[in-house]
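Presented below is the structure to which this report refers.
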Protein chains: 2
Amino acid sequence: MNCCEKQEYAIDNEQLARFAKAMGHPARIAILSFLANLDSCYFGDINNELPIAKATVSQHLKELKESGLITGTIEVPKVKYCIHRENWAKAQVYFNTFFASLKEKDLCCD
Amino acid sequence: MNCCEKQEYAIDNEQLARFAKAMGHPARIAILSFLANLDSCYFGDINNELPIAKATVSQHLKELKESGLITGTIEVPKVKYCIHRENWAKAQVYFNTFFASLKEKDLCCD
DNA sequence: TTCGTTGTTCGCAAAATTACGAACAATATT
DNA sequence: AATATTGTTCGTAATTTTGCGAACAACGAA
């Protein structure tokens, strides 16, 4: 899906869209909230928190990993998931910059 | 009210996911950027900006309207799209609150 | 009326997403 | 070796998303 790439904005917009897409499902928001707010980070605890099958949870975690928002590490016999703090901060800046770009006065709409 | 009460300003995770989902496509980010930054807001100008068919642009605009991030108004013979400033601000707060909820220290991951 | 302009909607196809159970892999324990 | 624990991957199905061209609707102008 390489439509809408424009040299001047391309990188930011594509990355912002990827972050947004990763956050675009209630289960993934719940997972991120869980990891951001609590003291547990093992698959089993995440899985217990959600009313969906573990295969599905695993899939959502995979997507979140691929978006860069979290990391996954094997800690035998468990798997530990953590917020990727650097990318989390990057996403925060991206979103905030995006929303802050709205002009106060718009010749067309105001 | 207890100052340390958790989630005093609760975020609706479903709503956050809806906003995120709406932003989860490069074309829709491009449309929102265009509307947020420029002085034009007519379908034709948005359509010219994107390398996709007008039917597809119309569809993306419909999704953005349904998410609440923009409004659409007929101004015969054109259609004017504008950022929905109130919901835009709401989305900004939602995202920012969400990202800010990350704890400094995590007993599990640090 | 007929034409041109502006966008939406329809119908379809291809691709991606979401979800699940079952099978599997890796390891530790009995 | 057999069993239990922890998650991932596979195979599949249902649904949603994305995208396009063509048809359509609403309007003003010739």
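Order of the sequence lines sets the chain letters (A, B, ...), proteins ahead of strands, with each chain counted from 1. Heavy-atom basis, side chains included; hydrogens, waters and symmetry copies ignored.
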Would you indicate what [X] reaches in the nucleic acid, counting non-hydrogen atoms under 4.0 angstrom: base, sugar-phosphate, or nothing?
X     : value
B:K80 : nothing
A:A53 : sugar-phosphate
A:E63 : sugar-phosphate

I need the [atom1]-[atom2] distance between [X] and [N], as an integer number of Å.
X     : N      : atom1 : atom2 : result
A:L64 : D:dT8  : CG    : P     : 12 Å
B:N47 : C:dT5  : CG    : P     : 15 Å
B:I52 : D:dC20 : CD1   : P     : 6 Å
A:K54 : C:dC20 : NZ    : C1'   : 12 Å
A:K65 : D:dT9  : NZ    : P     : 7 Å
B:H60 : D:dC20 : NE2   : P     : 9 Å
A:K62 : D:dT8  : NZ    : P     : 10 Å
B:E75 : D:dA26 : CD    : P     : 19 Å

**Prompt:** Taking it one step at a time, do A:M23 and B:F95 satisfy side-chain contact (heavy atoms from CB on, under 4.5 Å)?
**Reply:** CA-CA 10 Å; A:M23 293 173 63; B:F95 278 97; 3.6 Å; yes
**Prompt:** Say you draw a straight line from CG of A:N37 to NZ of B:K103; how long is it, rounded to the nearest 0.5 Å?
**Reply:** 4.0 Å
**Request:** Tell me which of A:A27 and B:T56 sits closer to the 5' end of DNA chain C, going by the nucleotide each one is nearest to.
**Result:** B:T56
**Asked** Between B:L61 and A:H25, which has a closest nucleotide on DNA chain C that is more 5'?
**Response** B:L61
**Request:** Look at the aromatic rings of A:F99 and B:W88 and report parallel, tilted or perpendicular, splitting at 30° and 60°.
**Result:** perpendicular
**Prompt:** When you check the phosphate oxygens OP1 and OP2 of C:dT8, does a side-chain N or O of B:Y81 lie under 4.0 Å from one of them?
**Reply:** yes
**A:P77 or A:Q59, whichever maps to the more 5' nucleotide of DNA chain D** = A:P77
Which of the following nucleotides, [options], is nearest to the side chain of [X]?
X     : options               : value
B:K78 : D:dG7, C:dA19, C:dG7  : C:dG7
B:V79 : D:dT16, D:dT8, C:dG7  : C:dG7
A:K21 : C:dT17, C:dT8, C:dA19 : C:dT17
B:F43 : D:dG7, D:dC20, C:dG7  : C:dG7

**Message:** For the pair B:C108/A:C41, is the SG to SG distance below 2.5 Å?
**Reply:** yes
**Prompt:** Is B:K80 positioned over the aromatic face of B:Y42, cation under 6.0 angstrom from the ring centre and no more than 45 degrees off axis?
**Reply:** no
